**Q** 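I have a structure I would like to understand better, so I am pasting it below and will then ask my questions one at a time.
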Amino acid sequence: MSMLSEKPAMAGRLLAYVDALSEGVAQEMERDPSVFLFGLDVDDHKAIQGSTRGLVQRFGPNRVFGTPLSEDAMTGVAIGAAMAGMRPIHVHIRMDFLMLCMNQLVNIAAKAHYMFGGAVSVPMVVRCMIGKSWGQGAQHSQGLHSLFMHIPGLKVVAPSNAYDAKGLMAAAIRDNNPVVFVEHRLLYFTDAYVPEESYTVELGKARVTAPGTDITLVGVSNMVMECLRARELLAQVGISAEVVDLVSLQPLDSDTVLASASKTGKLLMVDNAWTMCGASAEVLARVAESEEGAGVRMARMGFAPTTCPMSPELEKVFYPNAATIAAKAHSMLRPGSDWMPDEKAAQLSYQMTFRGPF
Amino acid sequence: MSMLSEKPAMAGRLLAYVDALSEGVAQEMERDPSVFLFGLDVDDHKAIQGSTRGLVQRFGPNRVFGTPLSEDAMTGVAIGAAMAGMRPIHVHIRMDFLMLCMNQLVNIAAKAHYMFGGAVSVPMVVRCMIGKSWGQGAQHSQGLHSLFMHIPGLKVVAPSNAYDAKGLMAAAIRDNNPVVFVEHRLLYFTDAYVPEESYTVELGKARVTAPGTDITLVGVSNMVMECLRARELLAQVGISAEVVDLVSLQPLDSDTVLASASKTGKLLMVDNAWTMCGASAEVLARVAESEEGAGVRMARMGFAPTTCPMSPELEKVFYPNAATIAAKAHSMLRPGSDWMPDEKAAQLSYQMTFRGPF
Amino acid sequence: MKDTSDTRRLFRQLLRIRLIEERVAAIYPSDKIKSPIHLSIGQEAISVAVCDVLQPQDIIAVSYRGHAGYLAKGGDLKGMIAEMYGKPAGCAFGKGGSMHLVSAEAGVMGASAVVGTHIPLAAGQALAAKLRGEDKVIVCFFGDGATEEGCFAETLNFAALHKLPLFFVCENNGYAIHSPLKKRWANLDICARVRAYGVPAVRTETSDVTVMRAAAEAAVAAIRDGEGPQFLEAVTYRWLEHVGPNEDYAAGYRSRDEMEPWENEDPVARLAAVMDAAWVEKTRAEIAAEIDEAVEFAEQSPIHQQEDLYRHVYAQ
Amino acid sequence: MKDTSDTRRLFRQLLRIRLIEERVAAIYPSDKIKSPIHLSIGQEAISVAVCDVLQPQDIIAVSYRGHAGYLAKGGDLKGMIAEMYGKPAGCAFGKGGSMHLVSAEAGVMGASAVVGTHIPLAAGQALAAKLRGEDKVIVCFFGDGATEEGCFAETLNFAALHKLPLFFVCENNGYAIHSPLKKRWANLDICARVRAYGVPAVRTETSDVTVMRAAAEAAVAAIRDGEGPQFLEAVTYRWLEHVGPNEDYAAGYRSRDEMEPWENEDPVARLAAVMDAAWVEKTRAEIAAEIDEAVEFAEQSPIHQQEDLYRHVYAQ
Ligand SMILES: Cc1ncc(C[n+]2csc(CCOP(=O)(O)OP(=O)(O)O)c2C)c(N)n1
Ligand SMILES: Cc1ncc(C[n+]2csc(CCOP(=O)(O)OP(=O)(O)O)c2C)c(N)n1
Ligand SMILES: [Mg+2]
Ligand SMILES: [Mg+2]
């Protein structure tokens with residue numbers, strides 16, 4: 001099968017996601033002088049929460065620079081530079097702000113190669129972060145990847161761990177198409193084994209992150225972490241869950257999902273986004289359309305169908321978490337019996353170390 | 001059941017979709033002085049292909065006016081006016097241009113009522129047209145409704161006929177939320193019986209447009225016409241198709257779809273848009289998640305997963321049509337046997353009377 | 001400046017906002033406020049001066065840095081503190097937080113945290129007022145960074161074209177987060193830019209609340225006279241970090257030297273010096289009591305029920 | 001104006017574009033071109049003047065009204081006509097049509113039909129040239145309407161800030177579709193607006209191609225000298241309807257009187273009058289033959305295969 005190897009290599013050192021991002025960029029900038037990185041505040045001392053740390057010192061202000069608050073035109077600038085043969089990385093501290101860039105991304109970046117019959121290509125990376133917690137609220141918390149998945153010509157990836165963050169970054173930069181690179185704020189300080197040398201993670205392949213037999217949990221970005229924890233909770237009650245990390249959203253490796261789901265017979269997809277017309281709708285639809293998918297019971301979870309509230313009590317209910325995922329999976333397998341794991345036990349350690357505000 | 005009545009009343013006169021749109025607006029403007037209509041070129045002699053014809057003459061330039069080419073700010077202006085208690089209708093000659101308005105629509109219009117805890121509401125209508133044919137090409141042809149369906153707080157409707165166009169327009173204007181009103185260029189000169197008096201078509205209800213027993217064809221906007229024609233073609237080979245018009249995309253009446261699909265056991269959804277994370281993904285996912293949907297065979301059709309080409313030969317293949325829909329339905333019902341209806345017979349009469357360029 | 005009823009009114013507003021912001025900053029490390037806060041300390045005089053010349057029916061639009069505007073226009077203090085605590089008693093039902101203050105009663109349009117977005121919204125409010133023939137002025141407060149967003153230029157043009165009753169107030173504190181003007185503007189003369197769109201513009205370079213008030217008064221009078229939109233560039237300085245309760249002069253992107261002239265000119269201190277000392281103390285005590293009460297209110301007020309999550313998605 | 005090698009070169013370009021546009025208009029009613037066409041007739045001199053001072057390595061960015069620019073910069077005629085026919089032999093493989101001309105060889109950046117979108121793209125091209133230290137000028141042609149889009153203001157500021165080698169050329173024909181300037185701009189002095197962003201601006205109000213060429217020459221020289229972006233407002237007039245091959249003076253939104261001064265000053269006619277008549281006839285015949293050949297090429301060239309639909313979605 002063509003999915004990614006089951007586990008990232010246990011080689012290299014433990015590295016945080018945030019450092020894997022900057023290392024991935026730095027190695028590509030070293031390798032290829034046409035790579036440059038820009039965007040609001042990429043060159044200040046906060047360095048996009050550390051993910052651009054050291055780049056301006058190392059590569060200078062011609063290749064790493066901040067911009068005015070003009071996301072629309074700056075996206076056009078990135079695309080124009082890409083058409084001219086550069087490989088820009090345009091950084092946004094929140095995915096919500098991409099709504100200012102939709103015209104350039106949807107009407108130009110996605111279409112240029114096609115609309116000009118191959119005469120032009122647009123090799124660029126749009127880095128953006130999904131915000132969560134500490135009252136980020138309505139406009140600093142959205143996971144809007146499905147909007148980009150909908151448009152042919154764009155690629156979309158969403159690494160859930162430091163290994164993929166670095167490897168996908170290299171692959172995205174080298175790709176000759178516009179790639180929306182979806183990061184998650186709560187993952188920034190999670191560690192993984194990451195090789196020191198440069199490597200790529202292939203775009204368009206999912207990964208079975210943890211094996212299981214009773215149900216398939218498919219996660220996106222940070223929700224992979226929640227699924228893995230849910231898997232542990234489920235194991236405590238004798239349920240064996242397989243966790244699939246989509247890794248790449250467009251191209252979407254539904255074959256790997258399908259293989260797992262047709263094996264377990266149950267599929268629960270958990271997205272870092274709303275479900276309506278979301279990635280989770282697409283995954284379920286693909287399974288439903290397929291021969292092998294006939295008979296698989298399916299469900300999906302994501303943001304509540306509301307705007308994201310600031311209130312901590314409501315924010316908690318707005319998101320799926322390990323406990324609600326486990327409970328949902330449990331209800332799919334054992335319909336009659338009500339079960340909800342202890343919320344405390346379900347909290348992921350990285351959530352407990354994180355502290356606001358931005 | 002709660003779907004819309006099977007057929008629009010056969011009362012009133014035959015009226016074209018384009019005239020139903022302007023009549024719907026005119027009656028609401030008459031009724032409610034807080035309604036106004038604006039947007040690029042709404043007040044010129046072409047009158048958005050006739051759909052704003054006569055409005056400026058009747059209601060004057062304070063209530064019907066053109067704007068500078070500033071879609072982003074003009075959307076903000078509409079939202080601000082709506083927050084102040086007006087009921088703006090903002091018109092776009094192509095849905096593609098809404099990409100310039102995404103920030104205001106997604107980050108403000110959709111969220112204001114929630115984010116401000118009910119202190120504010122945004123009663124506005126965003127009229128936009130899907131372009132098709134005559135080499136509209138990459139940037140004048142997109143059906144992007146699923147992008148809006150994804151965002152809680154927005155409503156989305158897509159009338160397929162003049163009766164719904166008028167009734168939904170009244171309902172959308174009276175609704176206290178932002179409503180994206182999706183029109184289709186090829187429908188503008190199709191007729192239906194339309195009452196002279198004002199009426200509303202309820203938002204959030206689908207309609208069974210034509211009954212059948214073997215397969216359910218679900219259509220959106222212009223694709224409802226194609227599905228109806230496909231139904232005729234299928235009848236010629238002894239297949240009875242039921243056609244469901246979604247009418248409203250958000251709220252989405254999946255109950256009506258589900259009732260039909262669980263009756264026929266087969267569901268083919270045909271969208272005026274790409275399928276990936278589209279309305280068709282959502283409909284299939286909902287059926288797949290449901291109890292009653294277990295066992296329903298499903299498939300979807302939509303734009304080819306490419307950018308829209310200008311070339312007439314390729315444009316033809318880019319869109320689903322009555323023939324390809326019928327063939328797909330046939331293949332779902334009679335898997336072994338290959339069948340393709342005669343293309344000429346399949347062409348809808350309105351397509352033959354339409355002639356470019358804009 | 002003298003101790004008159006006018007200066008007392010202005011001073012009271014300034015002091016009140018300062019003390020409220022300081023209290024918010026003091027509470028913040030307790031983690032009771034789980035929302036990003038953008039304080040106005042150092043910039044209060046602009047909101048105070050402008051709102052002092054407004055009528056109750058007038059509307060102001062503010063950004064995520066909106067505490068000062070909200071308070072100066074008469075937004076309820078309890079509602080504001082409860083909002084930061086994310087309580088249903090908050091002005092936005094605890095769903096918005098510090099960045100999304102709102103008050104229909106006081107005429108504070110809901111605040112947005114996407115920079116620049118509220119500028120065209122304010123124009124929409126002004127258009128509505130004009131279409132209905134209301135005597136209403138709309139004021140839009142925004143930062144220097146917001147003027148770089150395309151919607152600002154689009155809105156200037158539209159407002160001038162329709163002679164909207166709209167007062168643009170740019171709080172130019174020289175920074176967008178940590179990025180100084182000269183890294184963002186090729187021409188630092190924002191008033192020239194604005195005038196070229198057909199909107200009259202003036203600039204103040206002072207913390208003197210009475211000077212700013214005079215500028216605002218003239219602009220608002222012109223708007224009420226039907227002369228269309230006006231623009232004020234109020235040069236100012238943000239004393240604390242962009243977001244959060246602390247100073248950040250050690251971070252390296254600016255030096256405390258730059259701030260000192262502003263601290264020396266602090267209108268709160270300068271006005272306090274010319275006011276009757278007893279009155280100042282009494283006022284300070286009154287305000288402190290009001291703040292205590294509001295904080296107590298926010299802390300005691302009930303938290304959300306889970307069902308509240310699903311309210312307000314659609315208006316009925 | 002005299003019959004010199006310079007004027008011959010300019011005249012030949014003007015005449016060629018005019019004759020091509022007229023031929024396209026003549027073919028259009030046959031429905032062989034199933035693509036919306038936005039003709040440049042009346043506005044050709046701007047493209048001709050500007051492109052005459054460019055080097056082969058320079059790049060131009062054009063909009064949906066891009067035939068004149070494409071041709072003036074040296075875009076292939078056969079590729080253009082075949083593109084309008086939607087044939088694989090077209091410059092955009094028949095996928096773009098009239099609104100999306102492109103030529104990597106001639107330095108024509110792909111054209112966009114969403115107004116204003118190509119302006120920041122041109123800045124990106126200019127940034128790339130600057131980062132690589134290339135001697136390259138980027139020219140961006142756009143209409144008066146495009147200046148109302150926020151991205152224009154954003155791009156002006158960015159280009160000025162980075163001193164990009166970018167020449168903004170506004171073809172001000174007084175209309176956006178049917179909407180005249182005064183319904184769209186509060187201040188008609190676009191050059192003042194542009195200068196306020198830090199970009200030097202000049203205006204021409206003539207059809208005289210040599211006057212425009214001089215303005216363009218000065219601007220391009222300044223850019224090559226590293227002085228950063230320049231702006232030219234070339235006042236002009238669109239003789240035909242916004243989209244399509246016909247006149248539309250009967251529609252009521254403008255009168256033919258308005259056009260007549262421009263027709264009287266038509267640089268094609270005026271230059272023809274001072275040129276050697278025999279040379280003019282010979283040139284006209286040569287061009288006609290070239291056009292015949294290109295049309296024949298487009299008509300004879302094969303149509304698409306269905307599989308072509310799926311090509312070019314992603315670059316390899
Ligand atoms: C559209 C958008 N881009 C970026 C951000 C991140 N951001 C928040 S505040 C800010 C700076 C705004 O500066 P200015 O307008 O001068 O206001 P100030 O904070 O100085 O009051 C930025 C870039 C945002 N919230 N919205
Ligand atoms: C963003 C956007 N809005 C609206 C349109 C529809 N439209 C096409 S051309 C045009 C007018 C453009 O006017 P101008 O920039 O002056 O160029 P001209 O056509 O006069 O050359 C408009 C509004 C569009 N294509 N794109
Ligand atoms: Mg600032
Ligand atoms: Mg024009």
Side-chain angles (χ1 to χ4, degrees), chain A residues 71-72 96-108 110-115 137-139 142 144-153 250 252 273-289 293-300 303-310, chain B residues 71-72 96-108 110-115 137-139 142 144-153 250 252 273-289 293-300 303-310:
Chain A
E71 285 89 348
D72 178 15
D96 313 68
F97 307 156
L98 287 186
M99 294 302 91
L100 285 156
C101 314
M102 285 302 273
N103 182 52
Q104 287 288 343
L105 292 175
V106 169
N107 285 328
I108 307 284
K111 296 177 170 46
H113 187 67
Y114 194 93
M115 172 163 90
Q139 300 173 327
Q142 293 169 90
L144 296 164
H145 32 279
S146 74
L147 273 47
F148 302 100
M149 294 166 68
H150 188 57
I151 311 295
Q250 166 69 293
L252 180 70
W274 290 295
T275 61
M276 176 100 174
C277 298
S280 63
E282 180 64 24
V283 167
L284 265 65
R286 290 197 185 186
V287 173
E289 282 181 309
V296 174
R297 289 307 305 156
M298 291 186 262
R300 55 196 164 140
F303 294 171
T306 73
T307 292
C308 179
M310 174 265 161
Chain B
E71 285 89 348
D72 178 15
D96 313 69
F97 307 157
L98 288 186
M99 294 303 92
L100 285 155
C101 315
M102 286 302 272
N103 182 51
Q104 287 288 342
L105 292 174
V106 169
N107 285 329
I108 307 284
K111 296 177 171 43
H113 187 66
Y114 194 94
M115 173 163 89
Q139 299 173 328
Q142 294 169 91
L144 296 165
H145 32 279
S146 72
L147 273 46
F148 302 100
M149 295 166 69
H150 188 58
I151 311 295
Q250 165 70 295
L252 179 70
W274 290 295
T275 60
M276 176 99 173
C277 298
S280 63
E282 180 64 25
V283 166
L284 266 65
R286 289 198 186 185
V287 173
E289 281 180 311
V296 174
R297 289 308 305 156
M298 293 186 260
R300 54 195 166 141
F303 295 170
T306 74
T307 292
C308 179
M310 172 266 161

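Every heavy atom of this structure was used, including side-chain atoms; hydrogens, water molecules and symmetry mates were not. Reminder, nothing fancy here: chain letters follow the sequence lines and each chain counts from 1. Every value quoted in this text rests on a predicted model; they were computed, and no experiment measured them.
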**Q** So, for A:Glu282 and B:Cys277, which heavy atoms are closest and what is the spacing to 0.1 Å?
**A**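 Of all heavy-atom pairs spanning A:Glu282 and B:Cys277, the closest is OE1-N, 2.7 Å.
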
**Q** Which one wins on heavy-atom pair count under 4.5 Å against chain B: A:Val283, A:Leu147, A:Val296, A:Leu284?
**A**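 The candidate making the most pairs under 4.5 Å is A:Leu147.
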
**Q** Using non-hydrogen atoms only, which part of A:Arg286 is less than 4.5 Å away from chain B: side chain, backbone, both, or neither?
**A**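 Answer is both: backbone and side chain atoms of A:Arg286 are under 4.5 Å from chain B.
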
**Q** Answer yes or no: is there a donor N or O on one side and an acceptor on the other, between the side chain of A:Arg297 and the main chain of B:Glu289, under 3.5 Å?
**A**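 At least one qualifying donor-acceptor pair exists.
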
**Q** So do A:Gln139 and B:Met115 actually touch side chain to side chain, heavy atoms under 4.5 Å?
**A**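 With C-beta onward as the side chain, the pair touches.
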
**Q** Which bit of A:Cys101 is near chain B, if near means a heavy-atom gap under 4.5 Å: side chain, backbone, both or neither?
**A**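 Contact with chain B is absent: no heavy atom of A:Cys101 under 4.5 Å.
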
**Q** Just by distance, no angles: are the side chains of B:Asn103 and A:Glu71 close enough, under 3.5 Å, to form a donor-acceptor pair?
**A**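 No pair is found: no donor N or O on one side chain lies under 3.5 Å from an acceptor on the other.
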
**Q** With heavy-atom distances below 4.5 Å as the criterion, would you say the side chains of A:Met102 and B:Val106 are in contact?
**A**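 In short, these two side chains do not touch, never coming nearer than 4.5 Å.
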
**Q** Going by side chain to side chain contact (heavy atoms under 4.5 Å, CB included), B:Met99 matches just one of A:Asn107, A:Ile108, A:Ile151. Which one?
**A**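 Answer after filtering A:Asn107, A:Ile108, A:Ile151: A:Asn107.
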
**Q** Under 4.5 Å from any heavy atom of chain B, what part of A:Gln104 do you find: side chain, backbone, both or neither?
**A**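 When you check distances to chain B, no heavy atom of A:Gln104 falls under 4.5 Å.
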
**Q** What residues form a side-chain contact (heavy atoms from CB on, under 4.5 Å) with A:Thr307, not counting sequence neighbours?
**A**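 With neighbours one apart ignored, the set is A:Ala138, B:Lys111, B:Tyr114.
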
**Q** For A:Pro309, which atoms come within 4.5 Å of any heavy atom of chain B: side chain, backbone, both, or neither?
**A**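 Both backbone and side chain.
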
**Q** Considering residues at least two apart in sequence or located in another chain, which fulfil the ring-ring contact (aromatic ring centres under 6.0 Å, His included) criterion with B:His145?
**A**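 Listed in chain order: nothing, the list is empty.
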
**Q** Can you list the steps and then say if B:Thr275 with A:His150 is a side-chain contact (heavy atoms from CB on, under 4.5 Å)?
**A** CA-CA 7 Å; B:Thr275 60; A:His150 188 57; over 6 Å; no

**Q** Chain B: which of A:Met149, A:Arg300, A:Gln250 shares the most heavy-atom pairs with it under 4.5 Å?
**A**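 The candidate making the most pairs under 4.5 Å is A:Arg300.
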
**Q** B:Met298 and A:Ala288: which non-hydrogen atoms are nearest, and at how many Å?
**A**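 Looking at all heavy atoms of both residues, the closest pair is CE-CB, 3.6 Å.
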
